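No hydrogens, no waters, no symmetry mates; every other heavy atom, side chains included, goes into these values. Keep in mind that this is a model prediction, so the values were computed, not measured.
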Amino acid sequence: MISVIIPFYNVEKYIAKTLDSVKKQTLSDWEVILIDDGSTDKSGEICDSYSKEDSRFRVIHKEHAGVSAARNAGLDEVRGEYIYFLDGDDLISENCFELLYNALIKNDADMAQGNFAYVNDDMSEYEMRHPSDMKDCVITGIDMLHLLNTKTGFLYVMSCNKLCKKSIFDDIRYPEGKIHEDHFAAHRIAYNCKKIACIADKTYFYIKHGGSITMKRYAPENLTREEAVYDRCKFLQSKGLNDLASETALVAIKVAPRVIQKCLTRGFYDEAVARRLNGYFVYEYSLCRNLIPANKFHLKIVFDWLTKSPDTYVKYLKLKYRILPEPKE
């Protein structure tokens with residue numbers, strides 16, 4: 001049986017369509033664990049009505065604590081042999097479970113992963129900056145760890161387009177109180193998998209609307225993504241995967257100047273943020289300094305500068321991007 005974990009919070013406009021997309025599945029051996037994360041709209045009532053009509057739906061109401069806490073609560077309630085995550089405002093194809101389950105069984109895999117598409121509220125596809133290139137194939141967990149560092153790494157970071165054996169999550173829980181929670185779990189999931197079956201069919205539809213994290217302006221909480229990459233480097237080193245840790249660090253270092261610039265232009269690059277980011281970037285730079293290619297030599301100059309005199313480097317960025325000081329009160 002597949003245990004489908006659906007955390008939700010104030011998604012009354014979308015949740016019925018999400019649940020209907022599960023009810024239409026061509027494979028019927030599933031249960032749905034709905035975690036109401038303290039919704040203040042009618043989301044909880046809608047889910048309760050589904051549970052009354054179909055015993056495969058179970059609803060757990062809890063105080064608002066975020067997506068990670070809701071997913072963790074769902075993991076503690078799983079009865080099936082396989083786990084699938086679905087957000088309460090997204091949709092899946094009618095043959096999603098069947099395709100993923102068949103791919104997993106056929107290839108004796110630990111996890112099966114489908115393709116996905118970003119769609120607007122009217123279901124028209126949203127043009128992605130880096131379109132998905134997923135093909136029918138079988139990869140290893142180490143392969144996935146490498147793929148996390150590519151331009152289409154978001155395909156492998158997402159928890160919601162994967163069917164996993166329950167045992168994969170025996171030692172994995174999502175970090176509570178943080179956004180970008182998938183980034184903290186992806187490398188752990190990959191490490192626990194020996195074999196992963198990938199399919200080219202689009203089985204998951206991520207609806208882009210105003211409330212989505214990916215549609216929101218860059219803010220201090222977005223720095224958890226940098227923290228997650230730092231966490232991945234530490235994790236890989238702890239497992240003796242030093243080359244992968246260095247490869248991951250290099251990806252982080254290439255975008256580090258842009259991250260600092262965003263913090264400055266959004267007006268929240270204070271002493272605490274500077275200390276936090278410098279901790280991540282200086283450590284990552286130490287891992288990948290010798291991997292920086294010749295055509296990226298400016299990164300060595302930047303990070304030698306950032307390591308030795310971070311205040312001077314920030315002043316340089318402010319001048320370069322014409323970032324004015326905040327007016328005094």
Side-chain angles (χ1 to χ4, degrees), residues 66-68 118 126-130 148-154 157 175 177-184 186-187 208-234 245-329:
V67 174
S68 289
Y118 282 122
Y126 185 94
E127 185 176 350
M128 293 189 287
R129 183 179 178 186
H130 301 294
L148 290 174
N149 295 324
T150 64
K151 289 182 178 180
T152 54
F154 58 88
V157 167
K178 300 179 187 293
I179 65 170
H180 301 303
E181 63 284 339
D182 287 350
H183 290 260
F184 288 88
H187 47 280
K208 302 274 281 186
H209 56 83
S212 301
I213 289 292
T214 51
M215 295 294 284
K216 292 181 179 178
R217 188 183 173 115
Y218 198 83
E221 56 265 28
N222 290 101
L223 296 180
T224 54
R225 188 160 45 196
E226 274 55 62
E227 181 185 351
V229 176
Y230 172 81
D231 176 76
R232 193 194 311 167
C233 291
K234 288 282 191 180
S246 298
E247 176 190 301
T248 302
L250 181 59
V251 174
I253 287 305
K254 286 180 179 179
V255 300
R258 177 64 175 161
V259 170
I260 296 174
Q261 179 206 341
K262 281 184 178 181
C263 295
L264 286 166
T265 55
R266 297 292 188 265
F268 61 84
Y269 191 84
D270 56 18
E271 184 178 342
V273 169
R275 186 166 55 250
R276 179 181 176 185
L277 287 179
N278 286 358
Y280 302 155
F281 296 148
V282 169
Y283 163 70
E284 289 160 351
Y285 182 54
S286 72
L287 295 181
C288 71
R289 190 178 190 280
N290 294 331
L291 296 180
I292 296 175
N295 64 343
K296 297 287 184 180
F297 187 75
H298 66 281
L299 285 174
K300 285 189 176 182
I301 297 174
V302 164
F303 276 91
D304 284 338
W305 190 0
L306 181 61
T307 301
K308 295 173 183 176
S309 182
D311 291 342
T312 306
Y313 178 68
V314 169
K315 287 179 182 178
Y316 157 73
L317 283 182
K318 287 181 176 180
L319 288 172
K320 180 179 179 180
Y321 296 107
R322 299 180 183 180
I323 300 169
L324 300 176
E326 294 183 359
K328 295 182 179 179
E329 295 182 358

Fill in: Heavy-atom pair of closest approach, residues Pro175 and Ser68
O-OG, 2.8 Å

Practice prompt. Find out whether Val251 and Leu148 are in side-chain contact, i.e. whether some heavy atom of one side chain is under 4.5 Å from a heavy atom of the other.
Written response: no

Discussion item. Which heavy atom of Val157 sits nearest to which heavy atom of Asp182, and what is that distance?
Written reply: O-CB, 3.4 Å

Worksheet entry | Closest non-hydrogen atom pair, Cys233 against Ala249 | SG-N, 3.7 Å

Fill in: Contacts of Glu227 that satisfy salt bridge (charged side-chain N to carboxylate O under 4.0 Å, His left out) - sequence neighbours left out
Lys178, Arg276

Discussion item. Can a side-chain donor-acceptor contact be found between His187 and Asp231 if the only test is distance below 3.5 angstrom?
Written reply: yes

Discussion item. So Phe281 and Val259, do their side chains get closer than 4.5 Å, heavy atoms only?
Written reply: yes

Fill in: Reported CD1-to-CG distance for the pair Ile179 and Asn222, which is rounded to 0.5 angstrom
4.5 Å

Item to complete: Mind listing the closest non-hydrogen atom pair of Val229 and Thr248 along with its distance?
Response: CG1-CG2, 3.9 Å

Discussion item. Students often mix this up, so state it plainly: with edges at 30° and 60°, are the rings of Tyr230 and Tyr283 parallel, tilted or perpendicular?
Written reply: perpendicular

Worksheet item: Between atom CZ of Arg225 and atom NE2 of His180, what is the distance when rounded to the nearest 0.5 Å?
Response: 4.5 Å

Worksheet item: To the nearest 0.5 Å, how far apart are NZ in Lys254 and CD in Glu284?
Response: 13.5 Å

Return a table of donor-acceptor pairs under 3.5 angstrom between the side chains of residues 268-275 and protein atoms on other chains or two or more places apart.
{"residue": "Asp270", "atom": "OD1", "partner": "Ala272", "partner atom": "N", "Å": "3.2"}
{"residue": "Asp270", "atom": "OD1", "partner": "Val273", "partner atom": "N", "Å": "2.9"}

Fill in: Minimal non-hydrogen separation, Leu287 against Ser246, with atom names
O-OG, 3.0 Å

Discussion item. I'd like to know if the side chain of Asn149 pairs up with that of Arg232 as donor and acceptor (distance under 3.5 Å, no hydrogens or angles considered).
Written reply: yes

Practice prompt. With sequence neighbours excluded, tell me which residues meet side-chain hydrogen bond (donor to acceptor under 3.5 Å, both in side chains) with Lys262.
Written response: none

